[in-house]
Amino acid sequence: MSRVYVCSCFGITEQQVKQHAENGACTPRQIASACKAGTDCGGCVKRIQALLGRGACPRRELIDRGAAAFPRLPRTAATTAADATPERDAA
């Protein structure tokens with residue numbers, strides 16, 4: 001099986017992009033977060049968009065049904081303490 005590279009800058013193949021998409025990366029930005037593809041020269045972004053197409057995306061399906069794509073997590077003591085930083089209190 002030959003490798004078809006999508007992102008030459010980081011050596012990311014079509015198969016890797018497809019795998020990230022199967023794992024829930026539905027947009028070029030999410031692919032970039034997963035593997036850096038599209039973050040250097042940007043020449044591969046259109047190819048990544050083409051690979052992602054308009055296929056099934058769990059997050060997109062949630063949004064289409066009116067649900068939050070990224071549900072809010074319950075606040076914990078750690079996040080509450082992080083919210084009370086002096087920089088935020090001064091603003």
Side-chain angles (χ1 to χ4, degrees):
M1 183 175 167
S2 65
R3 291 183 181 179
V4 178
Y5 286 93
V6 174
C7 177
S8 299
C9 298
F10 294 103
I12 305 301
T13 64
E14 277 188 6
Q15 185 58 38
Q16 287 171 302
V17 170
K18 290 176 184 177
Q19 185 62 50
H20 288 301
E22 287 175 19
N23 292 336
C26 302
T27 66
R29 183 170 287 180
Q30 291 170 345
I31 295 292
S33 293
C35 64
K36 292 186 168 183
T39 62
D40 195 26
C41 78
C44 59
V45 174
K46 287 188 187 241
R47 180 68 183 136
I48 292 169
Q49 288 172 326
L51 287 170
L52 294 175
R54 294 295 299 168
C57 173
R59 290 189 187 113
R60 188 177 301 125
E61 290 169 7
L62 286 172
I63 292 168
D64 289 345
R65 289 193 313 232
F70 296 100
R72 284 193 162 290
L73 297 175
R75 295 181 65 85
T76 64
T79 58
T80 304
D83 288 342
T85 60
E87 297 84 30
R88 288 192 185 172
D89 292 339

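Position 1 is the first residue of the sequence, and the numbers go up from there. Any value given below was found using the heavy atoms of this structure, including those in side chains, with hydrogens, waters and symmetry copies removed.
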Partner residues of Ser33 under the side chain to side chain contact (heavy atoms under 4.5 Å, CB included) criterion, sequence neighbours left out: none
Between CD1 of Ile31 and OG1 of Thr39, what distance do you get to the nearest 0.5 Å? 12.0 Å
How close do Cys9 and Cys41 get, heavy atom to heavy atom, and via which atoms? SG-SG, 3.8 Å
Closest contact, heavy atoms only, Gly24 versus Gln30: O-OE1, 3.7 Å
Atom of Val45, atom of Pro28 and distance for their closest heavy-atom approach: CG1-CB, 4.3 Å
According to the salt bridge (charged side-chain N to carboxylate O under 4.0 Å, His left out) rule, which pairs have a member within residues 28-50, sequence neighbours left out? Glu14-Arg47
Quick one: do Tyr5 and Leu52 end up in the same hydrophobic cluster if we chain Ile, Leu, Val, Met, Phe, Trp and Tyr together by side-chain heavy atoms under 4.5 Å apart? no
List for me each residue that meets side chain to side chain contact (heavy atoms under 4.5 Å, CB included) alongside Cys44, sequence neighbours excluded, and say none if there are none. Val6, Cys7, Ile48
Distance col, row Gln16:CD vs Cys35:SG, nearest 0.5 angstrom, shows 7.0 Å
From CD (Gln19) to OG1 (Thr13), nearest 0.5 Å: 10.0 Å
